[in-house]
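Quick notes on the structure that follows.
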Amino acid sequence: GRCGSTLLSKIFDALGGVQSLSEPDVFTHLPIILNHAEAQGVDRAPALVPVVRACTQLLLHAQLARRPSEAVVLVKTRAFVVHAHALLRRALPEMRALFLYRNAIETVDSKCMAFLQQPMMTFLRKHRLDGEMVPKMQQTLALNRPLAAPLAALYKAHRPLHLQLGAVGVMAQGWMSEMGAAQRLLAEGQLDCCLRYEDLVERKQALAAANVAGGKKKGKTDEDDEEL
């Protein structure tokens, strides 16, 4: 989310034979379902594997029916779906997983431009209430779900930061959580490619062509380690 995936889609489109599918809800809800199940001590992955595979096949069939000449489908998910990567890998072992990330300041700035310009958030920011309200809204969205308890604990642990930075602190926290998950997956060899947005801007055509063309990129550079 807000990491430059629109640019990546345009680059792949320019190469030809590639189409993009942006943030399908079927993937967006997976981390929430898994979180709920884990809090109940239930392993839902075995039951979800065939569901995820069937839903993906339906999505791809619909996309390819509309644009049959573009046989490669790039599915863009929301950033937090990285927490459901293990399930996706089990359901779709043939998939290639590309993690695109952006430096923290630019990512949070993009989120602020997208979400903090709304009237309610403008009011909260003006009166310095967003540091209290945004975490509370997160907890409200998780009411009647076990997810509410971890959110409450997280808010309590980082309340001074939230009060000082407001919604920006919450967004930065999300960035750190997603990057931590990606770092673990990269270390385990679960990501086929890890791209930094700033590098993509500089070397977009070469990087995109390499990913469409073939072999999986399992390795990582020293620069990747430094950034992660």
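Values in this document were obtained by computation on a predicted structure and should not be read as measured data. Just the heavy atoms: all of them, side chains too, but no hydrogens, waters or symmetry mates, feed the values below.
Annotation: side chain of V201 is in contact with side chain of L7 (closest heavy-atom distance under 4.5 Å). The side-chain heavy atoms of L88 and V81, taken from C-beta on, include a pair separated by under 4.5 Å. Residues R102 and S110 form a side-chain contact, since some pair of their non-hydrogen atoms from C-beta on lies under 4.5 Å apart. A heavy-atom distance below 4.5 Å is not found between the side chains of N103 and Y197. The shortest side-chain heavy-atom distance between L34 and H83 does not fall under the 4.5 Å cut-off. Side-chain contact check for L186 versus F99: every heavy-atom pair is 4.5 Å or farther apart. Looking at heavy atoms from C-beta onward, L98 lies out of side-chain contact with L191 at the 4.5 angstrom threshold. Inter-residue side-chain proximity for H29 and P24 is flagged as unmet; no heavy-atom pair is nearer than 4.5 Å.
No side-chain donor-acceptor contact under 3.5 Å links E178 to the backbone of A79. For the pair R89 (side chain) and M95 (backbone), a donor-acceptor distance under 3.5 Å is present. Within the 3.5 Å criterion, the main-chain N or O of Q190 finds a donor-acceptor partner in the side chain of H85.
Atom OG1 of residue T77 and atom CD of residue E23 lie 7.5 Å apart, to the nearest 0.5 angstrom. Atom CG of D25 sits about 7.5 Å away from atom CZ of R78, to the nearest 0.5 Å. Expressed to the nearest 0.5 Å, how far OG of S5 lies from CD1 of I11 amounts to 11.0 Å. For the atom pair CZ of R203 and CG of L195, the computed distance is 8.5 Å after rounding to the nearest 0.5 Å. Interatomic distance, CG of L74 versus NZ of K76, reported as 7.5 Å (0.5 Å rounding).
Both L15 and V72 are part of a single hydrophobic cluster, where members link through side-chain heavy atoms under 4.5 Å apart. A single hydrophobic cluster is not seen to contain both I32 and V42; linkage of ILVMFWY side chains at heavy-atom distances under 4.5 Å, directly or through other members, places them apart. Residue F27 is not grouped with residue V51 when hydrophobic side chains (ILVMFWY) are merged at heavy-atom distances under 4.5 angstrom, including chains of intermediate members.
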Next item on the list: Give the C-alpha distance, both sets of side-chain angles, the deciding distance and a yes or no for side-chain contact (heavy atoms from CB on, under 4.5 Å) between F80 and T28.
Entry: CA-CA 8 Å; F80 56 80; T28 299; 3.7 Å; yes
Notebook entry, point to check: Going through the distances and angles, do V52 and V26 end up as a side-chain contact (heavy atoms from CB on, under 4.5 Å)?
Noted result: CA-CA 8 Å; V52 172; V26 64; 5.8 Å; no
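Using a 4.0 Å cut-off between charged nitrogen and carboxylate oxygen, R53 and E94 count as a salt-bridge pair.
Around CG of L60, the count of heavy atoms belonging to other residues, nucleotides or ligands within 6.0 Å exceeds 12. Counting non-hydrogen atoms of other residues, nucleotides and ligands closer than 6.0 Å to CD of E38 gives a total of 12 or fewer.
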